[in-house]
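One structure below.
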Protein chains: 2
Amino acid sequence: MTDRKEHLYVVFENLLKIKNGCSCEVFSECGLSDITVKQVGYLKTIDEHGEVTFSGLAKITRNSKPTITEIINKFVRMECVYRDRCPDDGRIYYIRLTEKGQMIARSEKHALLKMIEKMAHSLDEDEMDTLIQILSKMK
Amino acid sequence: MTDRKEHLYVVFENLLKIKNGCSCEVFSECGLSDITVKQVGYLKTIDEHGEVTFSGLAKITRNSKPTITEIINKFVRMECVYRDRCPDDGRIYYIRLTEKGQMIARSEKHALLKMIEKMAHSLDEDEMDTLIQILSKMK
DNA sequence: TTTGATTAGTTAGGCTTCGCCTAACATATA
DNA sequence: TATATGTTAGGCGAAGCCTAACTAATCAAA
């Protein structure tokens with residue numbers, strides 16, 4: 001490997017460490033350090049679909065309705081989600097993310113934003129512009 | 001958020017997507033797409049400690065010896081690890097990573113290396129030098 | 001050098017949690 | 001009255017851990 005690539009490796013390794021640290025912060029701020037990958041996946045699905053019902057989530061995730069009830073009850077206990085009864089049809093409940101739930105569903109984005117904040121503290125405007133200009137070329 | 005930060009967000013989001021794609025490639029090349037986070041953790045521990053025995057790994061990970069036997073048997077079936085009997089003391093077995101096991105233990109590094117390779121294809125030498133110079137300032 | 005104690009790893013069996021299921025149900029709507 | 005939404009009850013298998021009892025190898029001391 002060339003010297004140049006090795007250098008690149010080192011600076012990006014550092015950058016990823018910083019971003020990783022930010023990810024962990026997001027979870028521990030929510031007091032949910034031991035949430036599972038699967039659970040985060042469900043929160044993301046709920047976030048992406050907006051107005052999801054229990055049956056809807058069951059279809060999307062290919063689970064039975066009781067399984068969804070169970071998953072949602074757990075999320076309610078974790079304060080990530082709440083039931084929102086449909087005003088037009090009392091049988092239907094929408095699954096809504098709490099602020100905490102949304103935070104976790106978008107944890108990667110939040111971590112990245114945190115990293116960018118740190119970047120803005122370490123670099124000046126010209127340097128940021130140069131970064132943008134160079135990295136835009138990546139495919 | 002300023003325009004500049006938003007731009008930075010976009011370029012880094014793209015970069016992370018590329019790196020993430022590389023991570024998945026590493027696992028699927030090994031035919032182990034459904035390995036768990038915990039398992040990867042154990043492989044990393046084994047990799048980092050070099051010459052680990054069963055008792056050693058039990059102490060490091062605070063598990064019982066039978067648990068380690070179980071974990072290692074699973075890894076042997078996955079072809080990630082093999083037993084290497086100590087020539088001086090027949091009671092002792094060293095836990096060694098196979099090439100596959102090492103690949104997974106170092107998957108993040110491998111993914112990053114892959115990303116750097118892609119970078120080297122998209123950017124010229126001056127640009128890479130500029131990147132290195134700017135990103136070195138990040139703390 | 002033999003024998004008893006100690007150490008390394010294994011086997012057997014058990015426990016809890018997770019994540020899923022089906023069947024039967026209550027409630028709301030049509 | 002028939003149908004749709006969500007819940008409850010109960011069960012199942014896999015994961016991931018444990019303790020107790022075992023085998024095999026080494027060490028130490030008579």
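Every chain is numbered from 1, with letters handed out A, B, ... down the list of sequences.
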Looking for any heavy atom pair under 4.0 Å, which part of the strands does [X] touch: base, sugar-phosphate only, or nothing?
X: Tyr42(A); result: sugar-phosphate
X: Ser64(A); result: base
X: Thr69(B); result: base

Within-4.5 Å side-chain heavy-atom neighbours: [X] and [Y]:
X: Val81(A); Y: Leu43(A); result: yes
X: Glu108(B); Y: Glu13(A); result: no
X: Ile95(B); Y: His49(B); result: no

Starting at [atom1] of [X] and ending at [atom2] of [N], how long is that distance when rounded to a whole Å?
X: Phe54(B); N: dT11(C); atom1: CZ; atom2: C1'; answer: 14 Å
X: Ile68(B); N: dC17(D); atom1: CD1; atom2: P; answer: 8 Å
X: Ile72(A); N: dT5(D); atom1: CD1; atom2: C1'; answer: 14 Å
X: Arg83(A); N: dA28(C); atom1: CZ; atom2: P; answer: 15 Å
X: Asp89(A); N: dA30(C); atom1: CG; atom2: P; answer: 6 Å
X: Ile71(B); N: dT10(C); atom1: CD1; atom2: C1'; answer: 15 Å
X: Asn63(B); N: dG9(C); atom1: CG; atom2: P; answer: 14 Å
X: Leu57(A); N: dG6(D); atom1: CG; atom2: C1'; answer: 13 Å

[N], OP1 or OP2 - any side-chain N/O from [X] closer than 4.0 Å?
X: Ser55(B); N: dG9(C); result: yes
X: Arg62(A); N: dC21(C); result: no
X: Lys65(A); N: dT22(C); result: no
X: Lys38(A); N: dC20(C); result: yes
X: Arg85(A); N: dT27(C); result: no
X: Thr67(A); N: dG19(C); result: no

Check: dT7(C) base within 3.5 Å donor-acceptor of Arg91(B) side chain: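 Present.
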
Hey, is the main chain of Tyr82(B) close enough, under 3.5 Å, to the side chain of Arg96(B) for a donor-acceptor pair?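 No, the answer is negative, given that no donor and acceptor are paired below the 3.5 Å cut-off.
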
Quick check on DNA chain C: between Thr36(A) and Thr53(B), whose nearest nucleotide comes earlier from the 5' end?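 Mapping each residue to its closest nucleotide by heavy atoms, the 5'-most match is Thr53(B).
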
Which comes earlier along DNA chain C counting from the 5' end, the contact point of Glu70(B) or that of Tyr93(B), where each point is its nearest nucleotide?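 The 5'-side residue here is Tyr93(B).
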
Tell me which one of Asp129(A), Asp124(A), Asp126(A) satisfies salt bridge (Lys or Arg N to Asp or Glu O under 4.0 Å) with Arg4(B).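 The residue from Asp129(A), Asp124(A), Asp126(A) that satisfies salt bridge (Lys or Arg N to Asp or Glu O under 4.0 Å) with Arg4(B) turns out to be Asp129(A).
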
Looking at Thr67(A), Asn63(A), Ile68(A), which one forms a side chain to side chain contact (heavy atoms under 4.5 Å, CB included) with Leu57(A)? Ile68(A)

I want to verify a distance call: between dG6(D), dG9(C), dT8(D), whose nearest atom is closest to the Ile92(B) side chain? dG9(C)

